[in-house]
2 protein chains.
Amino acid sequence: MGETPDTSTDAPNSQNREIVCYCPLGGVMDILSRRYAMQVICVVGAIGPARYSEIEDAFGGVSSSTLSTRLDELVEAGYLSREQYAEIPPRVEYDLTASGEQLCQRLDPILEWAEEQEAGRVPGEDGT
Amino acid sequence: MGETPDTSTDAPNSQNREIVCYCPLGGVMDILSRRYAMQVICVVGAIGPARYSEIEDAFGGVSSSTLSTRLDELVEAGYLSREQYAEIPPRVEYDLTASGEQLCQRLDPILEWAEEQEAGRVPGEDGT
DNA sequence: CAGAATCCATTCGGATACTG
DNA sequence: CAGTATCCGAATGGATTCTG
């Protein structure tokens, strides 16, 4: 996305420190940086094949449009699969793809850690 | 942020599946979901105490305002420390706090994985 | 049930210019 | 060098309404 090509970014004073290039991390991180994206992955990873309403319930009060958008994005990105059953009432099940599972494995530690942080936090401590 | 308090979110039909509550994941995940946030953590984790310009260089073309905001947020959230030296020219060094280091450890696998994904991706493949 | 569509307030992030 | 200040377009996410 509009990144300047790093053809001249080789700093002459590059120490032999293992400096990795974080520039091209567009795609994946972009998707993960959307609201609830990481949580959705982990929720689906946690409750197996998950129906829309199950995922919805896992969050407090996400609007259906937001959740729907997120799910679409994750499906299109190849991290979630969407199985639709032609039943009455309709049923749709989301699940992790192979890619999504790899992602989930790496995401889970963060989510768990995040929960710990939230748990041990005194409410009304930050100035804002 | 505006989440409905989950004082009554205990679904009565809770199967004995290990269902974790992902509702209160506000704070931490919120911060991480901002642009470059995760990358910044990992960049600082990678290049040790990092100066502003070093961090800036690690990305393609972030605007200083955006990066500055991100750094502030991460400092205030307690994941980065900011050491300012009263020199001419001024020098500021960011580093991971203990908390930030824990986060970085969990973030790194994702970033690395993300890079792999980007690497093995054929450009111009997705419909969009 | 599982969304799609629409509308809208808010926020975000980039560009630019300026400062200690 | 390391930002801050300001402005503004774009994108995001929520509420609401409607549908197969």
Side-chain angles (χ1 to χ4, degrees), chain A residues 1-4 11 13 23 25-27 29-40 43-44 47 49-77 80-95 128, chain B residues 1-4 11 13 23 25-26 29-40 43-44 47 49-76 80-95 128:
Chain A
M1 307 165 104
E3 309 279 87
T4 54
N13 61 337
C23 325
L25 288 182
M29 300 309 292
D30 242 38
I31 289 176
L32 294 182
S33 293
R34 298 204 152 69
R35 203 166 205 196
Y36 305 116
M38 305 195 246
Q39 287 100 314
V40 166
V43 165
V44 175
I47 66 181
R51 307 183 57 166
Y52 181 86
S53 45
E54 288 181 307
I55 302 174
E56 198 171 30
D57 290 346
F59 297 93
V62 209
S63 65
S64 63
S65 55
T66 301
L67 181 56
S68 198
T69 306
R70 212 75 335 129
L71 285 167
D72 282 350
E73 292 167 358
L74 293 172
V75 167
E76 196 186 11
L80 292 185
S81 64
R82 201 191 99 118
E83 208 67 42
Q84 178 163 3
Y85 300 93
E87 307 174 350
I88 305 288
R91 180 164 55 102
V92 176
E93 288 191 343
Y94 294 91
D95 208 346
T128 322
Chain B
M1 303 171 111
E3 308 280 86
T4 53
N13 60 337
C23 325
L25 287 182
M29 299 310 292
D30 241 38
I31 289 176
L32 295 182
S33 294
R34 297 204 152 68
R35 204 167 205 196
Y36 306 115
M38 304 194 247
Q39 287 100 314
V40 166
V43 164
V44 175
I47 66 182
R51 306 183 56 166
Y52 181 86
S53 46
E54 288 181 307
I55 302 174
E56 197 171 30
D57 290 347
F59 297 94
V62 210
S63 65
S64 61
S65 54
T66 301
L67 181 56
S68 198
T69 306
R70 209 76 335 129
L71 285 167
D72 282 350
E73 292 166 358
L74 292 171
V75 167
E76 197 188 10
L80 292 185
S81 65
R82 200 190 100 117
E83 208 67 41
Q84 179 163 3
Y85 301 93
E87 306 174 352
I88 304 287
R91 181 164 54 103
V92 175
E93 289 190 341
Y94 294 91
D95 207 346
T128 321

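Below, read A as the first sequence line, B as the second, and so on, with proteins coming before strands; counting in each chain starts at 1.
- One finds no side-chain N or O of A:R35 lying less than 4.0 angstrom from the OP1 or OP2 phosphate oxygen of C:dT11.
- The nearest whole Å value for the distance from the CG atom in A:D57 to the P atom in C:dG3 is 14 Å.
- Between atom CD1 of residue B:I55 and atom CZ of residue B:R70 there is a gap of 13.0 Å, rounded to the nearest 0.5 Å.
- The listed nucleotides are D:dA2, C:dA2, C:dA17; the one nearest the side chain of A:R82 is C:dA2.
- Looking at A:R34, its side chain does come within 3.5 Å of a backbone N or O of A:D30 through a donor-acceptor pair.
- Residue B:R34 has its side chain nearest to C:dC12 when only D:dA15, C:dC12, D:dA2 are considered.
- A search for salt bridge (charged side-chain N to carboxylate O under 4.0 Å, His left out) contacts involving A:E83 returns nothing, not counting sequence neighbours.
- Side-chain contact between B:V40 and B:Y94: absent, with no pair of heavy atoms (C-beta onward) separated by less than 4.5 Å.
- Atom CG of B:L74 is separated from atom C1' of D:dG3 by 16 Å (rounded to the nearest Å).
- In this model, the phosphate group of C:dG13 is approached by a side-chain N or O of B:R70 to a distance below 4.0 Å at OP1 or OP2.
- Inter-residue side-chain proximity for A:R82 and A:D72 is flagged as unmet; no heavy-atom pair is nearer than 4.5 Å.
- One interatomic measurement links the two molecules: CG of B:L71 to P of D:dA2, which rounds to 11 Å at whole-angstrom precision.
- As rounded to whole Å, 15 Å separates atom P of D:dT12 from atom CG of B:D30.
- One interatomic measurement links the two molecules: CD of B:E73 to C1' of C:dT11, which rounds to 12 Å at whole-angstrom precision.
- Between atom CG of residue A:L32 and atom CD of residue A:Q39 there is a gap of 10.5 Å, rounded to the nearest 0.5 Å.
- For C:dG14, one of the phosphate oxygens OP1 or OP2 lies less than 4.0 angstrom from a side-chain nitrogen or oxygen of B:T66.
- Non-hydrogen atoms lying under 4.0 Å from DNA chain C are contributed by B:P90, all within residues 86-94 of chain B.
- With sequence neighbours excluded, the residues forming a side chain to side chain contact (heavy atoms under 4.5 Å, CB included) with A:S81 are A:D95, A:T97, listed by chain and number.
- A sub-4.0 Å separation between OP1 or OP2 of C:dA4 and a side-chain N or O of A:S68 is present.
- The salt bridge (charged side-chain N to carboxylate O under 4.0 Å, His left out) check on B:R51 picks up nothing, with sequence neighbours excluded.
- Of the possible polar contacts, none joining the A:T66 side chain to the A:V62 backbone as a donor-acceptor pair under 3.5 Å is found.
- Note on A:S53: only backbone sugar-phosphate atoms sit closer than 4.0 angstrom, heavy atoms only; bases stay farther off.
- The CG-P distance, from A:L67 to D:dA15, rounds to 13 Å in whole Å.
- Applying the side chain to side chain contact (heavy atoms under 4.5 Å, CB included) rule to B:S64 yields the partners B:Y52, B:E56; only residues at least two apart in sequence or on another chain are considered.
- Looking at heavy-atom distances under 4.0 Å, B:S65 makes contact with a base.
- We find that CG of A:L80 is positioned 15 Å from C1' of C:dA2, with the value rounded to whole Å.
- Distance CD (B:E54) to C1' (D:dA2): 13 Å, rounded to an integer number of Å.
- Bending across the helix from C:dC1-D:dG20 to C:dG20-D:dC1, expressed as the angle between its end axes from five pairs apiece, amounts to 60° (10° rounding).
- In this structure, B:Y36 reaches the C:dG14 phosphate: one of its side-chain N or O atoms is under 4.0 Å from OP1 or OP2.
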